[in-house]
Amino acid sequence: MDVEESRPENVEDIVKCTECSSRNLERDTIRGELVCNECGLVLEEGDIDMGAEWRVFTPEHGDSLARTGAPSTYLLHDKGLSTSIDWQNRDYSGKSLSSSNRSQYHRMRKWQQRARVKDSFDRNLTQALPEIARIGDKLGLSRSLTEETSLVYRKALEKNLTRGRSIDALVAASVYLTCNRNKLGRTLDEVCGATRVGRKELTKCYKVLKHALGIRMDVNHPVDFVPSFISKLGLPSEVMTKTFEILRLAEERELTYGKSPTGIAAAAIYIAAHVVGNNRTQREIADVSHVTEVTIRNRYKELANALDINMHN
DNA sequence: AAGACGAAAGTGGTTGA
DNA sequence: TCAACAACTTTCGTCTT
């Protein structure tokens, strides 16, 4: 019943040495270790030194050395770098402003707004960037990836690719391109499903984008999809290792050319799962890989025959 | 009953004239 | 731009476990 007991031990909880039970412990902030002074056992390591790396003699001195602010980000149309003027009519100490000052601030705010979203470029971005963030969230993409996506989108804007195209479609294409470039193994349909954009429009935009930005993309390989599929199927890493082995052989023997990489990946996983004894049905694998059972069947027969793999065990 | 299998017909993308 | 083509899908009846 004691909740405190089940709580995972954190650094501050360690009060006794596990070796000699001494309470004479010392935290070495330079090395980031918690050391027992009696027997020398290191109880914790890899602790992060939160201190500044400079020495400060007066408070003003400290302020002058600090160089952090809010992080710059491509996800805000002005990269979060522009000044914002508070809407409250108070000065820095919280006192109300005089009426003449108030009208002055009103004018300043107005011009600030105009300067911030100054042209169609920025207006476009203020629409597109939240959409990128939204899609990224839906697809479970990392922060750095959405940042990269917005960078791609900015470049697309600079090349005037929006003319005659919807912002949403271009955003979706940017997301898909960034995913591909980083070998995330996201399928076209997944990206499609996270947006309001049709499949056809997306592929069209994607091609234009790729061409305009001069990005040479090596074709997707089956291996790129494996980690994502494996985790969706809840299969152990053992199966992943086996799958990679199968795929390596398959590429060597040129069994993969002209075939859909997702189909090959799905088939290899199907084989690997059986070999390892952690079976999944064709249906289950078909669902996560977005290919049909028939395709998995055709591919896995080919692979198993060519690589001489016995499935029945 | 569930899963695997394979035939047949249809669809969308690529290629080459 | 069009036809030919391979890969893939959908559908469905049959076989196996």
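Sequence lines set the chain letters: A, B, ... in the order given, protein chains first and strands last, and positions in each chain run from 1.
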Closest approach to the side chain of [X], judged atom by atom: which nucleotide of [options] is it?
{"X": "A:R299", "options": "C:dC8, B:dG3, B:dC5", "answer": "C:dC8"}
{"X": "A:V294", "options": "B:dA4, B:dA7, C:dC8", "answer": "B:dA7"}
{"X": "A:R297", "options": "C:dT10, B:dG6, B:dA4", "answer": "B:dG6"}
{"X": "A:T281", "options": "C:dC8, B:dA4, B:dC5", "answer": "B:dA4"}

Next item on the list: Write down the distance between CD (A:E284) and C1' (B:dG3), rounded to a whole number of angstrom.
Entry: 11 Å
Margin query: What is the distance, to the nearest angstrom, from the CG atom on A:N279 to the P atom on C:dT16?
Written below: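 After rounding, the reported distance stands at 19 Å.
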Give a yes/no on whether any side-chain N or O of [X] is located under 4.0 angstrom from OP1 or OP2 of [N].
{"X": "A:Y270", "N": "B:dA4", "result": "yes"}
{"X": "A:K207", "N": "B:dT14", "result": "yes"}
{"X": "A:S260", "N": "C:dC8", "result": "yes"}

Notebook entry, point to check: Base, sugar-phosphate, or nothing: which does A:G263 touch, judged by heavy atoms less than 4.0 Å apart?
Noted result: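 Answer is nothing: A:G263 stays at 4.0 Å or more from every strand.
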Margin query: Looking at A:R248 and A:E245, is any side-chain nitrogen of the basic one under 4.0 Å from a carboxylate oxygen of the acidic one?
Written below: no
Notebook entry, point to check: Quick one: do A:E147 and A:R143 make a salt bridge, cutoff under 4.0 Å?
Noted result: yes
Margin query: Can you confirm whether A:V152 sits close enough to A:R181 that some side-chain heavy atom of one is under 4.5 Å from a side-chain heavy atom of the other?
Written below: yes
Item checked: Check: A:R283 side chain, B:dG3 base, donor-acceptor under 3.5 Å ->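 No, the side chain and the base share no sub-3.5 Å donor-acceptor pair.
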Next item on the list: Classify the angle between the aromatic ring planes of A:F229 and A:F225 as parallel (below 30°), tilted (30 to 60°) or perpendicular (above 60°).
Entry: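 The arrangement is parallel - the two ring planes meet at less than 30°.
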